[in-house]
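To start, the structure under review is shown below, and the notes come after it.
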Amino acid sequence: LHIAILASILSVIIYWLIRDSHRVRNLSGKHVFVTGCDTRLGNSLAKWLDKRGFCVIAACATEKGGQDLRSCSSLSLKTVNLNLADSKSIARTVVFVTKETAGKGLFGLVIHAEGAAPVAPTDWLRIEDFHSVLDVSLLGLIEITLKLLPLLKKAGGRVVNLIHAKGLMAFVGGGYGLSTWGMEAFSDTLRIEMQHFGVKVSIIEHGFFKAGQVNSDVIEKHLLQLWNRLTPETRDSYGEKYFVE
């Protein structure tokens, strides 16, 4: 019994030592760039990192989002407007991040990118519906990551891609599942390739957050819009009963 208790205590001590050895120390001066900071997960993460002492660069989709975030953060937190579907916006953001890091490199890149996702049968969608998701959640993510890799390699930093776990289940048409699976593949490949430079790549598959739950009325309204734009032939092939159910 005594040996078992001693072994348990020793195991806890070893766990604490290993855990503490992986903690990031000397946070001051370490720059972390976070996307999607207007609301929800990105916003909360930017505030938390700021309180911990990181030099946070928060990308927001709107000027108001940036103003609201700065109003409740320290003076060291900087914001920049970013549209991940726009290569020019990405280029301007990379210039801003490069200037802010001032030759130190980028310690962390956290991407939370979710494009508008039409929830409907694939047969109801057009190619632009796929672009509305893929251009942001996959191609935008890839483009900004590629352009920030030199800064990440300079600091031996890390990439963290936040992916909703529901996107890993192909239960609905559209680009959401495609973008999520693509993000997983891109991250896994990049992780292997960046080991040589000491850059870590992680994926966090998160679940639902109260602030981010989708209103069923909004989904129903969007479905109705998609249904109404279908050709009569396509609507007839499904039937009114299919749409109601």
Determine, stepwise, if the pair Val110 / Arg158 fulfils side chain to side chain contact (heavy atoms under 4.5 Å, CB included). CA-CA 8 Å; Val110 183; Arg158 61 198 67 200; over 6 Å; no

Non-hydrogen atoms of Ser237 and Thr234 that approach each other most closely: OG-O, 2.6 Å

Could you check whether any side-chain N or O of Arg191 sits under 3.5 Å from a backbone N or O of Ser202, counting only pairs where one atom can act as donor and the other as acceptor? no

Qualifying residue, where the test is side chain to side chain contact (heavy atoms under 4.5 Å, CB included) with Leu109 and the options are Val160, Val34, Val32, Leu148: Leu148

Counting C-beta onward and ignoring hydrogens, is there a side-chain heavy-atom pair between Leu178 and Leu138 closer than 4.5 Å? no

Walk me through it: do Asp129 and Arg229 pass the test salt bridge (Lys or Arg N to Asp or Glu O under 4.0 Å)? CA-CA 13 Å; Asp129 296 318; Arg229 83 177 187 187; 2.3 Å; yes

Measure up the Tyr238 and Trp227 rings against each other and bin them: parallel (under 30°), tilted (30 to 60°), perpendicular (over 60°). perpendicular

Beyond-backbone contact of Ile204 with Ile163, side-chain heavy atoms, under 4.5 angstrom: no

Do the non-hydrogen side-chain atoms of Asp236 and Thr231 ever get within less than 4.5 Å of each other? no

What is the distance from atom CG of Asp86 to atom CG of Asn81, rounded to the nearest 0.5 Å? 11.5 Å

Nearest heavy-atom pair of Ile90 and Gly140: which atoms, and what distance? CD1-O, 4.0 Å

So, Asn43 side chain and Cys37 main chain: donor-acceptor pair closer than 3.5 Å or not? yes

Is the NZ atom of Lys154 crowded by more than 12 outside heavy atoms at less than 6.0 Å? no

Could you tell me whether the side chain of Leu141 reaches within less than 4.5 Å of the side chain of Met183, counting heavy atoms only? yes

Closest heavy-atom contact between Phe33 and Val80? CE1-CG1, 4.1 Å

Which pair of non-hydrogen atoms, one from Lys147 and one from Ala91, has the smallest distance, and what is that distance? NZ-CB, 4.2 Å

Can a donor-acceptor pair be found, under 3.5 Å and without considering hydrogens, that links the side chain of Ser179 to the backbone of Tyr176? yes

Charged tip of Lys153 within 45° of Phe197 ring normal and under 6.0 Å: yes

Main chain of Ala46, side chain of Asp50: is a donor-acceptor contact present, judged purely on distance under 3.5 Å? no

Within-4.5 Å side-chain heavy-atom neighbours: Lys99 and Val95: no

Are the side chain of Thr35 and the backbone of His112 linked by a donor-acceptor contact shorter than 3.5 Å? yes

Separation between NZ (Lys51) and SG (Cys72), nearest 0.5 Å, reads 8.0 Å

Look at the side chain of Thr101 and the backbone N and O of Thr98, then say whether any donor-acceptor pair between them is shorter than 3.5 Å. yes

Val97 and Met194: same hydrophobic cluster, using ILVMFWY side-chain contacts below 4.5 Å? yes

Rounded to the nearest 0.5 Å, how far apart are CD1 of Ile111 and CG of Leu84? 7.0 Å

For the student: nearest non-hydrogen atoms of Ala58 and Leu69, plus distance: CB-CD2, 3.4 Å

Could you tell me whether the side chain of Asp38 and the main chain of Ala61 form a donor-acceptor pair under 3.5 Å? yes

Can you tell me if His31 uses its side chain to pair, donor with acceptor, with the backbone of Glu100 under 3.5 Å? yes

CG of Leu149 to CG of Leu190, rounded to nearest 0.5 Å, is 5.5 Å

Is a donor on one side and an acceptor on the other found under 3.5 Å between the side chain of Arg235 and the backbone of Leu230? yes

Is any side-chain heavy atom of Thr79 closer than 4.5 Å to a side-chain heavy atom of Ile57? no

Give the cluster check for Leu139 versus Trp181: same hydrophobic cluster or not, with ILVMFWY residues linked at side-chain heavy-atom distances below 4.5 Å. no

Thr189 vs Val201, side chain to side chain contact (heavy atoms under 4.5 Å, CB included): CA-CA, chis, key distance, verdict: CA-CA 9 Å; Thr189 304; Val201 180; over 6 Å; no

Should Arg70 and Glu63 count as an ion pair when the cut-off is N to O under 4.0 Å? yes

As an exercise, state the distance from OG of Ser73 to NZ of Lys78, rounded to the nearest 0.5 Å. 11.5 Å

For Gly29 against Lys104, the heavy-atom pair lying closest together: O-CD, 3.9 Å

